[in-house]
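Reckoned from all heavy atoms, side chains included, excluding hydrogens, waters and symmetry mates. The chains referred to below are lettered A, B, ... by the order of the sequence lines, with proteins before strands, and numbering in each begins at 1.
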2 protein chains.
Amino acid sequence: MSVHLLQTATSVLLKDPTASLSDVARAAGVGRTTLHNRFPTRAALVRAVASDALDLIYSVARQVDFDADGALEDLVTRLVALGPRVEFLLRFPGLERDEELAARIREMDRPVLDLITRLQGTTLRRDLPAWWILQTLYAGLFNAWEAISDGRLAPLDAPRFVLTTVFEGVAGAGATDRA
Amino acid sequence: MSVHLLQTATSVLLKDPTASLSDVARAAGVGRTTLHNRFPTRAALVRAVASDALDLIYSVARQVDFDADGALEDLVTRLVALGPRVEFLLRFPGLERDEELAARIREMDRPVLDLITRLQGTTLRRDLPAWWILQTLYAGLFNAWEAISDGRLAPLDAPRFVLTTVFEGVAGAGATDRA
DNA sequence: ACCGTTGTGAACATGAGTGTTCACCTGCTG
DNA sequence: CAGCAGGTGAACACTCATGTTCACAACGGT
């Protein structure tokens with residue numbers, strides 16, 4: 001129940017960051033008083049949503065063997081399934097002003113950055129900074145989630161779209177020679 | 001002056017969509033009363049910012065020869081220079097609820113979508129929908145602007161980063177054979 | 001020097017979101 | 001059945017963004 005509440009809150013707040021607590025409560029099918037009982041203030045609710053997203057991401061990341069071949073692909077595929085949770089973490093306005101949350105987010109990025117840096121010795125371009133590649137990964141995820149929630153993209157197509165686009169780009173096979 | 005006001009409003013509102021009008025006025029170095037004189041309501045201000053962004057984009061798009069080789073590259077390079085304006089149009093919450101603005105945004109996308117569709121006969125992948133490629137382009141622009149405003153990316157490096165990443169992907173040259 | 005324009009701060013009324021309390025109802029357990 | 005925990009709506013006070021009005025200062029043109 002409480003889990004579903006946070007999930008609903010994630011969607012509602014992501015669609016409209018100014019949504020009132022009444023809106024969140026109504027969307028979750030719960031009274032506003034109950035919402036206040038669980039999360040005394042708006043800030044507490046936002047923190048709980050973010051914290052829950054972090055927990056989910058960590059639980060997913062723990063299932064990935066960062067040393068295996070295709071670790072990045074595995075990670076991306078799993079993150080796509082997490083839907084809006086990562087987007088909330090990286091896009092919700094003002095979240096970065098909570099220093100504790102910001103630290104946990106940076107900590108979440110670190111192993112991925114390390115992995116990217118390592119792969120830049122083999123399968124990843126060396127002429128781009130690791131942080132740029134990480135941001136590109138996130139951007140691909142956002143694209144997919146946005147398209148899915150708009151009903152334009154089938155969830156099962158999403159991982160392939162993201163991986164193809166991020167790794168190989170949108171240029172045709174023999175057209176990598178741009179000006 | 002008024003131009004600079006809208007530019008400031010774009011940045012402030014983009015950084016924090018809940019920023020008060022006092023914040024916007026102060027950031028623009030102008031009285032709150034003056035702001036209200038120019039834009040009677042908050043909605044009017046937001047509409048003005050969006051409309052101004054659309055005007056800028058159109059004026060940029062008009063300089064691009066959509067039939068020339070490298071039209072997409074040219075367009076992307078010019079859009080990068082527009083900074084946060086496009087981001088505001090595509091990301092500001094609730095903007096899509098103004099039907100007139102939404103229509104103008106769709107109209108802005110159309111020629112680009114046509115161009116992409118045409119290029120899918122030659123230099124662009126045919127196994128991805130045109131709208132997905134368009135979203136990928138926008139995502140690359142967002143990445144660049146975010147990195148620039150964080151001070152991580154030199155503005156002059158931005159076009160190259162975006163074009164390289166979007167068109168060729170982040171995979172190393174000989175590593176396009178993923179699982 | 002006069003006047004219209006424009007920007008400004010101060011003050012005010014209003015409305016909405018927020019946080020709190022309280023009385024009531026429901027379902028479960030002993 | 002009694003008691004309790006949890007959920008709920010109603011009502012309240014409070015804060016704050018908002019929109020409005022007004023009087024005043026700065027400026028440029030006549």
message: Please check: side-chain N/O of A:R126 versus main-chain N/O of A:Q120, any donor-acceptor pairing under 3.5 Å?
response: yes

task: Nearest-nucleotide wise, let me know which of A:L35 and B:R42 is further upstream toward the 5' end of DNA chain D.
output: A:L35

- line: DNA chain C nearest-nucleotide lookup for B:V30 and A:P40: closer to the 5′ end is B:V30

- request: Output the distance between atom CG (B:L90) and atom CG (B:L95), rounded to the nearest 0.5 Å.
  value: 9.0 Å

- prompt: Taking for each residue the nucleotide of DNA chain C bearing the nearest heavy atom, is the 5' side occupied by A:N37 or by A:S20?
  reply: A:S20

- prompt: Any chance the side chains of A:N143 and A:Y138 put a donor and an acceptor closer than 3.5 Å?
  reply: no

task: Using atom types as modelled and distance alone, determine if a side-chain donor or acceptor of A:T34 lies under 3.5 Å from a backbone N or O of A:V30.
output: no

- prompt: For B:R32, which contact category applies under a 4.0 Å heavy-atom criterion: base, sugar-phosphate, or nothing?
  reply: base

- request: Using side-chain contact (heavy atoms from CB on, under 4.5 Å) as the criterion, point out the one residue from A:T77, A:V76, A:L82 that pairs with A:V80.
  value: A:V76

query: Please give, in whole Å, the distance from C:dG7 P to B:F39 CZ?
result: 11 Å

- request: Take atom CZ of A:R26 and atom C1' of C:dG17, then tell me their distance rounded to the nearest Å.
  value: 13 Å

task: Could you check whether A:T33 gets within reach of a base, just the sugar-phosphate, or nothing at all, counting any heavy atom under 4.0 Å?
output: base

task: Please state how far atom NE2 in A:H36 lies from atom P in C:dG19, giving the value in whole angstrom units.
output: 6 Å

- prompt: Is there a donor in the side chain of A:Q63 and an acceptor in the side chain of A:R78, or the other way round, less than 3.5 Å apart?
  reply: yes

statement: When the rotation axes relating C1' atoms of four end pairs to the next four are compared across the helix from C:dA1-D:dT30 to C:dG30-D:dC1, five pairs an end, they differ to 10° by 10°

task: Using distance alone, with no hydrogens and no angle criterion, decide if A:S20 and A:D23 have a side-chain donor and acceptor under 3.5 Å apart.
output: yes

task: Using chain A heavy atoms and a threshold of under 4.0 Å, write down where along DNA chain D the contacts begin and end, 5' to 3'.
output: D:dG7 to D:dA11

